[in-house]
Number of protein chains: 2
Amino acid sequence: MTTINDIAKMANVSRTTVSRVLNNNGYVSESARKRVMKVVEETGYIPSVSAKSLRTKRSGVIGVILPKISTETASRVVGGINEVVSKEGFQILLTDTELNHEKEIEYIRLLQSRHVDGIILLATNVNDRLLHAIEESKLPFISLGQELPGVTSIVYDDYHAAVDMTTMILQKGHEKIAYIGVGEEDPAVGVLRKKGFMDTMEKAGITVEENWCSYGDFSIESGYESMKQIINSNRENPPTAAFVVTDRMAIGAMEYLKEQGYRIPGDIAITGIGAAVMSKYITPPLTTIDYFNKDAGSKAAELLLEQLQGKNTRKKITQNYRLIKRDSV
Amino acid sequence: MTTINDIAKMANVSRTTVSRVLNNNGYVSESARKRVMKVVEETGYIPSVSAKSLRTKRSGVIGVILPKISTETASRVVGGINEVVSKEGFQILLTDTELNHEKEIEYIRLLQSRHVDGIILLATNVNDRLLHAIEESKLPFISLGQELPGVTSIVYDDYHAAVDMTTMILQKGHEKIAYIGVGEEDPAVGVLRKKGFMDTMEKAGITVEENWCSYGDFSIESGYESMKQIINSNRENPPTAAFVVTDRMAIGAMEYLKEQGYRIPGDIAITGIGAAVMSKYITPPLTTIDYFNKDAGSKAAELLLEQLQGKNTRKKITQNYRLIKRDSV
DNA sequence: GATGTGTGTGTAATCGATTCCATATCGCTT
DNA sequence: AAGCGATATGGAATCGATTACACACACATC
């Protein structure tokens, strides 16, 4: 490996001057600059980022903590983040918690040890130890998808999205609406979306029977099973519509209904949330809500870069959404 | 920031001893070890990876270069890589070339400057400058998706996959088979899959009319447009089947056909390649080929780790595949 | 001619770890 | 009693950059 010292010797200057040339600061004569550049190009010298970041305490790396790496949402968000930070010369260091809350904390510390300049967390839960770890890290921090107290957060408007969707279903004349959700460990998807649905139903004067509710784990299969359960336990009084909290589970639910010969939306209407690419191409195309995940990622990145420049703006931003009406309801 | 020196002072030992405790090597008395561990835990000390990797020339980071970050294939592969490397304590540093070949080279150098321990490249093309950059980097290197001479490569068996698929279409009695592909800049998808198709057709004694071929850019929309073009320019002699080189384009093609009232597979049969999640849930479910992308990613990671351990095994591995017969043909 | 200001360059300390080498103590063998 | 190996610890060099500081020179100003 060639180092800055080698370059200095070859160009007949001190390493200080080489550093100045490379970083474009301080006074350097034109002749010295040229000599250095020439040697740098000839040797293909690449400065050591470890040494640099040991000295400067900055690494040019943004840490991203994902709940699950290979999901459509995650890859959209990461795409959005990357689009913004790569322009500024930053790289992304990816970590995947596999939905393990302990790992969130572990990774914050790990990213910290790697001297990342900031962290974006796709949050799925809130707890004190997590908040404490964030506080301790003293790093610019963005939470995406859940609001974390004291941390700049970008949240989806889960409550109102669910309200709008439910309202629309009601307007179509449905009254017997089933609910397929996820567990309440997830404050956004599990709690807020449910609350939006329930509140709206209540306001319409409709009570949601407990056996019209079922819960899955985000997977397509769990959507299938949830719908199966609802249908089986309501043979004599089946719902005419189902509000499903994610597109994937909605697709699973549709799969079961189609298998059983139900017509969608004729016999049962279905809605999802998330605007998965798939939602547009299944039959019938799924009515869903677009959360603009990529934009949310970009936004998160922008806020992080702002914080990096010292603007200490602790904010909460609510990402907007769009109801996409298609043929499933 | 607390450093190793602070810990040393607080535990009343030299920093040498602290280092030995943390890295579990050399002789350390039980009492010293306990004192050090106690202080480490109390302070929440996190060693600086920059300093460590400056000294040791290893960073615990694997660089991954993707052609496009937010695609199903990319996220599956990254998931596979992550599963393997995270177990060994490595992190992933992600870069996205946005299909720009110059950036591939740029990123190799950049990753090198970050002292990554190895690189996995999802290759989309081959050229001398790329090979040169890889050679220069002197890093453990894996190419995934294309064979790079002199570099350990994991390739999909594009040729035989295409052959098998074409054979199956022929066995179903089709003779008028359209082809929807991508440009030949992509040696794997653009060239190999086409060759597999063409060779098989030729062997069956069927010439493929030039106006039964159309080319897209991997997007769903381009599949739609390609099919539209084929249908429009063959009004009097339409094909009865179409071999499409990716699932997404196949889905676009189906979209057009459905819109125009064609029955699939009754009027026209369709096949894809890639086993996108979506392929299973559209109507009719798409016959396609599963390349086991996640396994390929894991395999790449394993080979890289092997190389890191000095086993300098330059190999070429051909990933197997599976034809998934569904209802679109 | 003294003083100040703008350029240009180098010396040396520094960042936070690892690791080679030296040193010390202890128990055991010959 | 001398010598040896195992255990335990610390001193100091080292990795490759950045940067505070000192110095030197040229030129303008009063």
Side-chain angles (χ1 to χ4, degrees), chain A residues 1-37 39-40 43-61 89 109-117 137-138, chain B residues 1-40 43-61 89 109-117 138:
Chain A
M1 270 305 275
T2 53
T3 74
I4 197 171
N5 285 306
D6 303 331
I7 304 296
K9 255 177 235 152
M10 294 172 73
N12 248 312
V13 293
S14 74
R15 66 161 165 280
T16 309
T17 302
V18 177
S19 173
R20 279 198 270 256
V21 171
L22 262 29
N23 294 289
N24 251 319
N25 60 21
Y27 293 114
V28 182
S29 67
E30 200 46 43
S31 81
R33 158 166 279 116
K34 271 196 185 128
R35 261 177 301 150
V36 170
M37 288 312 286
V39 175
V40 165
T43 55
Y45 163 68
I46 300 174
S48 155
V49 176
S50 308
K52 179 170 185 158
S53 87
L54 171 59
R55 191 56 228 257
T56 62
K57 308 284 173 221
R58 338 182 77 259
S59 62
V61 173
R109 293 166 55 84
L110 189 136
L111 290 172
Q112 189 185 350
S113 77
R114 291 201 180 279
H115 291 292
V116 299
D117 296 333
S137 79
K138 301 203 170 43
Chain B
M1 269 304 276
T2 53
T3 73
I4 197 172
N5 286 305
D6 304 331
I7 305 296
K9 254 175 239 155
M10 295 171 71
N12 249 314
V13 293
S14 73
R15 65 161 165 280
T16 309
T17 302
V18 177
S19 174
R20 281 197 270 257
V21 171
L22 263 28
N23 294 287
N24 251 319
N25 58 23
Y27 293 113
V28 181
S29 67
E30 201 45 43
S31 80
R33 156 166 281 115
K34 269 194 187 133
R35 259 179 302 148
V36 170
M37 289 312 285
K38 184 151 173 283
V39 175
V40 165
T43 56
Y45 163 68
I46 301 174
S48 155
V49 176
S50 307
K52 180 168 184 159
S53 86
L54 171 61
R55 191 59 229 255
T56 61
K57 310 283 172 218
R58 335 182 80 258
S59 60
V61 173
R109 292 168 55 86
L110 190 137
L111 291 172
Q112 189 186 348
S113 78
R114 292 203 178 280
H115 291 293
V116 300
D117 295 335
K138 300 203 170 45

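Bear in mind that the values here come from a model prediction, so they are computed numbers and not experimental data. In the text below, chain A, chain B and the rest are named by the order of the sequence lines, each starting its count at 1.
Using a 3.5 Å distance cut-off with no hydrogens or angles, the side chains of B/Ser50 and A/Ser53 do pair a donor with an acceptor. A/Thr2 and A/Thr43 share no side-chain donor-acceptor pair at under 3.5 Å.
How far NZ of B/Lys52 is from CZ of A/Arg114: 9.5 Å, rounded to the nearest 0.5 Å. Rounding to the nearest 0.5 Å places OG1 of B/Thr56 at 9.5 Å from CG of B/Asn23.
B/Thr56 comes within 4.0 angstrom of sugar-phosphate atoms only, judged by non-hydrogen atoms across all strands, and of no base. Using a 4.0 Å heavy-atom cutoff across all strands shown, A/Thr3 reaches sugar-phosphate atoms only and no base atom. Residue B/Val49 is classed as having no contact, given no heavy-atom separation below 4.0 Å to the nucleic acid.
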Step-by-step side-chain contact (heavy atoms from CB on, under 4.5 Å) determination, A/Asp6 to A/Tyr45: CA-CA 9 Å; A/Asp6 303 331; A/Tyr45 163 68; over 6 Å; no
Check against side-chain contact (heavy atoms from CB on, under 4.5 Å), A/Arg33 and A/Asn24: CA-CA 10 Å; A/Arg33 158 166 279 116; A/Asn24 251 319; 3.3 Å; yes
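Within the structure, every side-chain polar atom (N or O) of A/Thr17 is placed at least 4.0 Å from both OP1 and OP2 of C/dT9. Under 4.0 angstrom from either OP1 or OP2 of C/dT18 there lies no side-chain N or O belonging to B/Lys57. Within the 4.0 Å cut-off from OP1 or OP2 of D/dT7, at least one side-chain nitrogen or oxygen of B/Tyr27 is found. The phosphate of D/dG10 has OP1 or OP2 within less than 4.0 Å of a side-chain N or O from B/Ser14. Here A/Asn23 reaches the OP1 or OP2 of D/dT18: one of its side-chain N or O atoms lies under 4.0 Å away.
Residue-to-nucleotide contacts include a donor-acceptor pair under 3.5 Å from the side chain of A/Thr16 to the base of D/dT19. No N or O donor and acceptor, one from the side chain of A/Ser29 and one from the base of C/dT7, sit under 3.5 Å apart. Below the 3.5 angstrom threshold, one finds no donor paired with an acceptor across the side chain of B/Arg20 and the base of C/dT18. Residue A/Ser50 places no side-chain atom within donor-acceptor reach of the base of D/dG16, judged by atom type and a 3.5 Å distance cut-off alone.
As a whole-Å value, the separation of B/Arg55 CZ from C/dC20 C1' is 9 Å. Spacing between atom CD1 of B/Ile4 and atom C1' of D/dA12 amounts to 14 Å, rounded to whole angstrom units. One can place CD1 of A/Ile7 at 12 Å from C1' of D/dG16, the figure rounded to the nearest angstrom. In this structure, B/Lys52 atom NZ and D/dA17 atom C1' are separated by 20 Å, rounded to whole Å. In this structure, A/Arg58 atom CZ and D/dT18 atom P are separated by 13 Å, rounded to whole Å. Counting to the nearest Å, the C1' atom of D/dA8 and the CG atom of B/Asn12 are 15 Å from each other. Put simply, CZ on B/Arg114 is 16 Å from C1' on D/dG16, counting in whole angstrom units. Between B/Asn25 atom CG and C/dT18 atom P there is a gap of 9 Å when expressed in whole angstrom units.
Nearer to the 5' terminus of DNA chain C, by closest-nucleotide assignment, is the contact made by A/Ser31 (compared with the other of A/Arg15 and A/Ser31).
Nearest to the side chain of B/Ser48, among D/dT9, C/dG10, C/dG16, sits C/dG16.
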